[in-house]
*Asks:* 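This is the structure I want to talk about, given as structure tokens.
To find a chain, count down the sequence lines: A is the first, B the second, and so on, and within it residues start at 1. In this text the structure is predicted, and so the values were computed from the model without any measurement.
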Amino acid sequence: MRARGRGRPGRPALHDGRHGKMLRLRCRHVGDHRRRAAAGWLWLHTGFSGGAVHARGQAHPDLRGHQPDPAGRHRQQAVGVGVALDTRSDGPRVRFAPSPTGYFHVGGARTALFNWLFARQQGGSFLLRIEDTDTERNRDEWTEGIYGALTWLGLDWDERPVVQSERGRLYSEAVDKLVAGGHLYYCDCTREAVDARTRGAATPGYDGFCRERRLGPGPGRALRFRTPDEGSTVVSDLVRGEVVFQHATIEDFVLVKSNGAPLFVLANAVDDMDMGVTHVIRGEEHLPNTPKAILVWQALGGPRLPVFAHLPVLVNEKRQKLSKRRDPVALEDYRQQGYLPEAMRNYLVLLGWGPADGQEIMSLDDMVRAFRLTDVTRSPAFFDVRKLTHFDGEYIRAMSPERFIEACQPWLESGPWAPSAFDPEVFARMAPLVQERVATLAEVPAMVDFLFLDRAPIEEASWERAVAGDPAAAALLDDAIASYGTCPWTAEEIRGATLAVAERSGKKLAKAQAPIRVAVTGRTVGPPLFESLHLLGRDRTLDRLRAARDRMPIVGPDLID
RNA sequence: GGCCCCAUCGUCUAGAGGCCGAGGACACCACCCUCUCAAGGUGGAGGCACGGGUUCGAAUCCCGUUGGGGCUGCCA
């Protein structure tokens, strides 16, 4: 069977492919059970997720980018912060649940993207939850950063974000229920005491010391969850199949801190239940505590468990998980380095997933159409900024000139020139030439600074190479000064004049233009020279050529005369 | 150490037992184009970790080895 329903061109009735895939998922792996339960659930959903999915599946690739966003535009999206719109539909409900403990992370962005794509594609809801139960480490500004980052990426969310710090009552009700059910017990062991007892033990972790002590509440006493001694819990994972954890290997973990604050596993399970979350899509680092969450969920008498999908982690060049501490991961930093949100999200979608047709540059609509959660890769992905940069260049070149100029504004405002010297009209005329030469917006100022600076920003290495290192440079500059003084001042005429200068010097134009370029723009590389000179103006061009001439040491024949 | 996950060019991926002599993208190299630099075009180098098994046939299924990673908090 071939049809995989991934929107390959030329394949009719792609929705049949989708169904084929689902059917296949349900019946493959007969022997090993991988993905079976999970796929069955997904099947249910695609079964009633409506015509939108099928209509998308039939979209012709040529229409790419020219269609209305099929992803649930009928639903009124609240873009921005805190707009409550309860549009609870029958579709799957996913949530992105970041913790505001620092700058928003590219890994978080990838997780958010995958959640968003799945929700939009399945006609479901993408919910937001701020996991700020650790009051020591959370700051409001980080929370704002989450909203800002998602908005920057173009990911809108449904309903009002859930903020855990505002839901203490929900958690204490859950705790009461768990206590009543005999699932929790108080524990006053310190970390040190546990360590001392379990040193060298076969099973590390908490040893159940307080299980039968029947301690009541009190200062310094945390609540632990009594895990089963036997049996196992199976995590049904859309990416990894069924992962089995033996209960004997799961320690009695703390659910409530001794100060009464709920911990991650508790708040997580309670909220997923309360929010009606059907699919938990998150980083693989959460896989080991998923059985704990399932145990809590079941102890709470929760309904049907969500389906899990643990995405591969993002790693650095040493293949370690990307970390705030040692790796450049802040989305905000990438924004400030001149990366476009569309390039970022396009790059991000390819980390852990790839389109079957190989077409990697894709719009958000393309992604919604082509993305398949069940096709997510299992191995860690290296965040390669070089490829990101390439994508950024692609997106910059694809912009309209107007949009490009608009996008450049923040970088132009902080250019190395005096603000009053900046001329928007001059920049606008140079912009198209710059646009096709930069890979990030941050490179723009260095391409145009010579236009707005009093003098050429001479780069020493360039000077050495093209002027000081060329014995013919002096004569060449002298000739250029003479020629430019009289030729009509258009790019084409300047080119002609320069060609004549080159011929008189016995050089090719490519070689002859180098000292002129450095004298006027300060660098050996940059936008096309003749347009640059034209925009700079005859007087300033001549001034700079003379200044360069003055800067040169008097050598050679000049001394003899 | 324990538990769990993972393994296709340097990197990200396509791959669902025969369409694979393994495809694409980034990066790299060469050439073309060219006023520099880019962009673009053409071509190139480069990979199924290893060992068993199943099968007429394995990148693909199974087992093992090795290697990498995650978790192992009163963080999330």
*Asks:* Look only at the side chain of A:N316 and the backbone of A:R319, and say whether a donor-acceptor pair between them is shorter than 3.5 Å.
*Replies:*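 At least one qualifying donor-acceptor pair exists.
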
*Asks:* Between A:Y334 and A:F383, is the ring centre distance below 6.0 Å?
*Replies:*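 For A:Y334 and A:F383, the ring centres are under 6.0 Å apart.
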
*Asks:* Just by distance, no angles: are the side chains of A:H310 and A:T290 close enough, under 3.5 Å, to form a donor-acceptor pair?
*Replies:*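 Yes, a side-chain donor-acceptor pair sits under 3.5 Å.
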
*Asks:* I'd like to know if A:R137 reaches the base of B:rC75 with its side chain such that a donor and an acceptor end up less than 3.5 angstrom apart.
*Replies:*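 Looking at the base of B:rC75, it does pair with a donor or acceptor on the side chain of A:R137 (distance under 3.5 Å).
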
*Asks:* Among A:R544, A:M430, A:E531, whose side-chain contact (heavy atoms from CB on, under 4.5 Å) with A:L536 holds?
*Replies:*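 By the side-chain contact (heavy atoms from CB on, under 4.5 Å) criterion, A:L536 pairs with just one of A:R544, A:M430, A:E531: A:R544.
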
*Asks:* Please work out which residues in residues 188-196 of chain A have a non-hydrogen atom less than 4.0 Å from an atom of RNA chain B and list them by number.
*Replies:*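 Contacting residues: A:C189, A:R191.
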
*Asks:* May I ask you to verify if any side-chain N or O of A:R319 is less than 4.0 angstrom from the OP1 or OP2 atom of B:rC12?
*Replies:*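 So the side chain of A:R319 is within the cut-off, an N or O lying under 4.0 Å from OP1 or OP2 of B:rC12.
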
*Asks:* How long is the gap from CE on A:M362 to CZ on A:F391, to the nearest 0.5 Å?
*Replies:*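 One gets 10.0 Å once the value is rounded to the nearest 0.5 Å.
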
*Asks:* Using atom C1' of each nucleotide, how far apart are B:rC9 and B:rC71 to the nearest Å?
*Replies:*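 It works out to 31 Å between them.
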
*Asks:* What's the closest nucleotide to the side chain of A:V525 if the choices are B:rC71, B:rA76, B:rU36?
*Replies:*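 So the nucleotide nearest the side chain must be B:rU36.
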
*Asks:* Centroid separation under 6.0 Å, is that true for the rings of A:Y339 and A:Y347?
*Replies:*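 Between A:Y347 and A:Y339, the centre distance exceeds or equals 6.0 Å.
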
*Asks:* Looking at residues 323-331 of chain A, who's got a heavy atom less than 4.0 Å off RNA chain B?
*Replies:*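 Here the set is empty: none.
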
*Asks:* Looking at B:rG68, does its base get a donor-acceptor pair with the side chain of A:Q320 below 3.5 Å?
*Replies:*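 Checked by distance alone, the answer is no.
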
